[in-house]
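These notes concern the structure reproduced below.
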Amino acid sequence: MAKLKGKVLGGFEVVEDLQDSGSQGQVCRAVCVEDVHGLAPVGTVVALKVMVVQDAAGSQWRQLTKRTAKLAEVNSPNIVKYLGCFEESGLYDLHVVVQEFLEGETLKQRIARSPRGLDMDEALRIVLGAVDGLCSAAHVGIVHRDIKPGNIFLCRNGAVKLIDFELAKQLKGTVTASTAAGNLRGTLDYMAPEFTDPNFRGDELSDVFSMGVVLHEALTGRKPYRGVTRTEGELADLAAFFTRWSDGEANLHISSRVRRILENADAVIRQALSPNREKRYQNFEAFRKALKTIRPYRLASASSGKVYELVQLVGKGGFGEVYKARIAGAGTLVAIKRLLNDAYRPRFEMEARVMQKIRSPHFVKFVDYFETDIGCHLVMNFLPGMPGSSL
């Protein structure tokens, strides 16, 4: 689609063509200059989702107005506010959805900056916010059908909002026109295995699966699958999707990072990702309840009396692994090195003694040393950028 900046559509002047426009249309930032359709007062900044259509019979427009009206009924702080829609005729027919304008970034962009995954508390907060929004949508009979990090928006004020319901479907209602060309219209790496059935169109259970993939990726930076040799291109992605589910659960792989930092997270993710629909969480209310049982692993130091909550596994070396952690109650961030090979204990203990002796602003600060039934732990102050910021 051509750039829309400077054009006026339905009384809204486009002031910026946004880069992340999505596959279902072009997204723009616009300002209301004339209240043509009664959707927003003059001066209101909005987001426009502009779709070029061929809809001589008007069936797509009827479905769009029905879906948008239903979404406008949803009163949730975790779903982008839908204001309405309008159509424009001309050389091309346009369907335009008007939404509140959001400032911030998508979860996809946030993960790209944290390739090892987000801090566990941030990841859980974001996923819980998205699940709250999906619960609200389900209450009015809407399923999203394209849940992925790119459709979870993180506002600058900290709010989490679901966006891009253009593949959404009304339960017990009309399927959106986008399914006319087939059922594989979401994003394949996040789609449930039941989409291998060409007659399946998506429901709340398949959305639960998609959110399970998002949770795993937010925590680890990776999707929960074993590697499948693939080349670039739509056909390659399609082949990888069908290959993945040809052996049931064989290609599912939950990262050990999940087990290392969180209690119960591995079990929650496995249930959300179950290829057997009957074993999956049956709705988002049940998934939300399960998410609230996840807790960070806690390590207690007998020598100092401090309790440490693991936040993220940040690195692993020849004889130890390093965690980002938080001192419970104080909130202070620390780095904890855990010894994995007891043969290196003398060297590990010597490192702790050396660190205790040195007092210099140019040397990492010693915080604690203690042992538990799972090994020896050396605690130091956490340096921003760990790991990956060395010379």
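As a basis for the values below, the full set of heavy atoms in this structure was taken, side chains included, without hydrogen atoms, waters or symmetry mates.
- Ring geometry for Trp245 against Tyr225 counts as perpendicular: the plane angle is over 60°, on a 0 to 90° scale with 30° as the lower cut.
- In this structure, Leu124 CG and Arg295 CZ are separated by 9.5 Å, a value rounded to the nearest 0.5 Å.
- In this structure, a donor-acceptor pair under 3.5 Å is present between the side chains of Asp146 and Thr187.
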Q: Give the C-alpha distance, both sets of side-chain angles, the deciding distance and a yes or no for side-chain contact (heavy atoms from CB on, under 4.5 Å) between Gln60 and Met51.
A: CA-CA 11 Å; Gln60 293 184 46; Met51 295 162 281; over 6 Å; no
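- The backbone N or O of Thr65 sits nowhere less than 3.5 Å from a side-chain atom of Thr68 that would complete a donor-acceptor pair.
- Each of Lys49, His144, Lys148 was compared with Asp164 under the side-chain hydrogen bond (donor to acceptor under 3.5 Å, both in side chains) criterion, and only Lys49 meets it.
- Lys306 is linked by a salt bridge (charged side-chain N to carboxylate O under 4.0 Å, His left out) to nothing, counting only residues two or more places apart in sequence or in another chain.
- Nearest heavy atom pair, residue Ile163 against residue Gly150, reads CD1-O, 3.8 Å.
- Going from atom CG of Leu333 over to atom CD of Gln312 covers 10.5 Å, rounded to the nearest 0.5 Å.
- A search for ring pair (Phe, Tyr, Trp, His ring centres under 6.0 Å) contacts involving Phe370 returns Tyr308, His377, not counting sequence neighbours.
- More than 12 heavy-atom neighbours from other residues, nucleotides or ligands sit within 6.0 angstrom of OH on Tyr297.
- Within a 6.0 Å sphere centred on CG of Asn157, other residues, nucleotides and ligands contribute more than 12 heavy atoms.
- Scanning all heavy atoms of the two residues, the minimum distance from Ala40 to Val46 falls at CB-CG1, 4.4 Å.
- Looking at Val50 and Val14, their side chains never come closer than 4.5 Å, going by heavy atoms from C-beta outward.
- Residues meeting the salt bridge (charged side-chain N to carboxylate O under 4.0 Å, His left out) test with Arg156, sequence neighbours left out: Glu103.
- Taking Ser256 as the reference, Arg260 meet the side chain to side chain donor-acceptor pair (under 3.5 Å) condition, with sequence neighbours excluded.
- Residues meeting the salt bridge (charged side-chain N to carboxylate O under 4.0 Å, His left out) test with Lys108, sequence neighbours left out: none.
- Within 6.0 Å of NZ in Lys81 there are more than 12 heavy atoms belonging to other residues, nucleotides or ligands.
- Using bins of under 30°, 30° to 60° and over 60° for the plane-to-plane angle, the ring pair Phe12/Phe86 lands in the parallel bin.
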Check: residues 208-219 side-chain donor-acceptor pairs under 3.5 Å, at least two apart:
unit_1, atom_1, unit_2, atom_2, d
Ser210, OG, Tyr190, O, 2.6
Ser210, OG, Ser206, O, 3.2
His216, ND1, Thr220, OG1, 3.3
His216, ND1, Arg222, O, 2.8
His216, NE2, Ser255, N, 3.0
Glu217, OE1, Tyr190, OH, 2.6

Q: Carefully, step by step, assess Glu321 and Arg338 under the rule salt bridge (Lys or Arg N to Asp or Glu O under 4.0 Å).
A: CA-CA 5 Å; Glu321 52 191 14; Arg338 175 187 293 168; 3.6 Å; yes
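- Legend: residues meeting side chain to side chain donor-acceptor pair (under 3.5 Å) with Ser114, ordered by chain and number and at least two apart, are absent.
- Among residues two or more places apart in sequence or in another chain, the salt bridge (charged side-chain N to carboxylate O under 4.0 Å, His left out) test is passed with Lys161 by Glu100.
- Among residues at least two apart or in separate chains, salt bridge (charged side-chain N to carboxylate O under 4.0 Å, His left out) pairs with a member in residues 360-378 are Arg345-Glu371.
- Annotation: salt bridge (charged side-chain N to carboxylate O under 4.0 Å, His left out) contacts involving residues 30-43, sequence neighbours excluded, are absent.
- For the atom pair CZ of Phe382 and NZ of Lys324, the computed distance is 4.5 Å after rounding to the nearest 0.5 Å.
- Taking Glu16 as the reference, Arg29 meet the side chain to side chain donor-acceptor pair (under 3.5 Å) condition, with sequence neighbours excluded.
- A side-chain donor-acceptor contact under 3.5 Å links Arg201 to the backbone of Pro198.
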Q: Dump the intermediate steps for salt bridge (Lys or Arg N to Asp or Glu O under 4.0 Å) on Arg326 and Asp121, then the final yes or no.
A: CA-CA 11 Å; Arg326 182 179 293 110; Asp121 44 0; 2.7 Å; yes
Q: Evaluate side-chain contact (heavy atoms from CB on, under 4.5 Å) for Lys70 paired with Val140, printing each intermediate quantity in order.
A: CA-CA 7 Å; Lys70 201 69 176 175; Val140 297; 4.2 Å; yes
**Q.** Residues Gln63, Lys66; criterion side-chain contact (heavy atoms from CB on, under 4.5 Å); working and verdict
**A.** CA-CA 5 Å; Gln63 291 165 353; Lys66 182 178 180 180; 5.7 Å; no
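- Between Met355 and Val364 there is a side-chain heavy-atom pair separated by less than 4.5 Å.
- With values rounded to the nearest 0.5 angstrom, Leu39 atom CG is found 10.5 Å from Thr44 atom OG1.
- Side-chain N/O atoms of Glu285 and His139 include a donor and acceptor closer than 3.5 Å.
- In this structure, Phe366 CZ and Met380 CE are separated by 9.5 Å, a value rounded to the nearest 0.5 Å.
- For Arg353, there are no side chain to side chain donor-acceptor pair (under 3.5 Å) partners at least two apart in sequence or on another chain.
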